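Since we're looking at a predicted model, the values are computed, not measured.
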Amino acid sequence: MGDITGNNDEKVGVVLNENSQIRDVYDAVADPTRRKILQMLADVEELPLYEITVHFQMGRTAVSKHLAILKESGLVIARKAGRETRYRLNAAPLQEIQDWVSFYEVFWKQRMIKLNQLLEEKK
């Protein structure tokens, strides 16, 4: 059965955004714990769950849930190494946030220039 766009692809119970990520990158970075995990992973090649967990006042299950959200957004890649899973940062999806912020940086700079011009005209 097709959706309103006429797409007849079967759905698997998960909605993918335009970048084929399961979860929106903005949702993933909205939580301070997940931002701290990303910062930790940015400083190293990869970390196992137990090394990430020691930095938080929560259990492995809670940290695993945060990592799952980061994986769903494409920000973290998991690799099995024997019995443990090691995690590493994939910063590419952060480009979406950078692009959005850059647009508003230009927007506000232009507004400030116009405001300064108006103030100069009033003198």
Side-chain angles (χ1 to χ4, degrees):
M1 182 165 148
D3 61 13
I4 60 173
T5 63
N7 187 347
N8 290 323
D9 294 336
E10 293 244 353
K11 305 295 184 230
V12 203
V14 176
V15 178
L16 298 178
N17 70 19
E18 62 191 29
N19 295 325
S20 297
Q21 299 161 332
I22 298 171
R23 186 175 297 269
D24 184 75
V25 69
Y26 295 95
D27 183 38
V29 300
D31 184 271
T33 299
R34 292 191 289 270
R35 289 193 303 268
K36 184 174 179 182
I37 291 171
L38 291 174
Q39 190 171 12
M40 289 170 52
L41 292 174
D43 294 336
V44 295
E45 188 173 326
E46 61 182 19
L47 287 173
L49 177 61
Y50 73 89
E51 285 187 37
I52 297 169
T53 303
V54 298
H55 295 277
F56 300 97
Q57 293 183 336
M58 61 182 79
R60 290 172 51 110
T61 303
V63 173
S64 290
K65 288 179 182 180
H66 284 291
L67 284 163
I69 290 168
L70 292 169
K71 284 185 346 188
E72 290 169 358
S73 70
L75 288 166
V76 167
I77 296 170
R79 178 181 71 85
K80 279 295 222 185
R83 296 177 129 190
E84 70 180 12
T85 303
R86 301 183 65 80
Y87 298 91
R88 67 181 170 91
L89 175 67
N90 176 33
L94 292 173
Q95 185 63 48
E96 180 180 346
I97 295 173
Q98 177 63 41
D99 293 344
W100 184 77
V101 169
S102 293
F103 170 81
Y104 284 100
E105 181 179 17
V106 171
F107 172 84
W108 284 114
K109 281 181 182 178
Q110 290 172 345
R111 293 295 188 261
M112 293 304 294
I113 289 169
K114 287 180 182 179
L115 178 60
N116 285 332
Q117 289 171 346
L118 285 171
L119 291 173
E120 287 298 318
E121 291 173 7
K122 296 281 183 182
K123 286 184 180 181

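The side chain to side chain donor-acceptor pair (under 3.5 Å) check on Asp27 picks up Arg23, with sequence neighbours excluded. Taking Lys36 as the reference, Met40, His55, Phe56 meet the side chain to side chain contact (heavy atoms under 4.5 Å, CB included) condition, with sequence neighbours excluded. For Ala91, the side chain to side chain contact (heavy atoms under 4.5 Å, CB included) partners two or more places apart in sequence, or in a different chain, are Leu89, Leu94.
Note that CD1 of Ile97 and CG of Asp24 are 8.0 Å apart. Values are rounded to the nearest 0.5 Å. Note that NE2 of His66 is 6.0 Å distant from CD1 of Ile37, once rounded to the nearest 0.5 Å.
Val76 and Tyr26 end up in the same hydrophobic cluster when Ile, Leu, Val, Met, Phe, Trp and Tyr side chains are linked at under 4.5 Å. No path of Ile, Leu, Val, Met, Phe, Trp and Tyr side chains, each step under 4.5 Å between heavy atoms, connects Leu38 with Ile77, placing them in separate hydrophobic clusters.
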Side-chain donor/acceptor pairs under 3.5 Å, residues 101-121, sequence neighbours excluded:
from	atom 1	to	atom 2	distance (Å)
Ser102	OG	Gln98	O	2.8
Ser102	OG	Gln98	NE2	3.0
Asn116	ND2	Met112	O	3.3

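The nearest pair of heavy atoms linking Ser73 to Ala28 is OG-CB, 3.4 Å. When all heavy atoms are compared, the tightest approach of Asp31 to Thr33 is OD1-N, 2.8 Å. Between Glu51 and Val54, the shortest heavy-atom distance links the atoms O-CG2, 3.3 Å.
Side chains of Arg34 and Leu75 form no contact here, defined as non-hydrogen atoms less than 4.5 Å apart. Lys65 has its side chain out of reach of Ile69: every pair of non-hydrogen atoms, C-beta onward, lies at least 4.5 Å apart. When side chains are defined from C-beta on, Thr85 does not count as touching Leu67, because their heavy atoms never get closer than 4.5 Å.
The stretch residues 52-63 participates, sequence neighbours left out, in no salt bridge (Lys or Arg N to Asp or Glu O under 4.0 Å) pair at all. Residue pairs that meet the salt bridge (Lys or Arg N to Asp or Glu O under 4.0 Å) test with at least one member in residues 83-94, sequence neighbours left out, are Glu46-Arg86, Glu84-Arg86.
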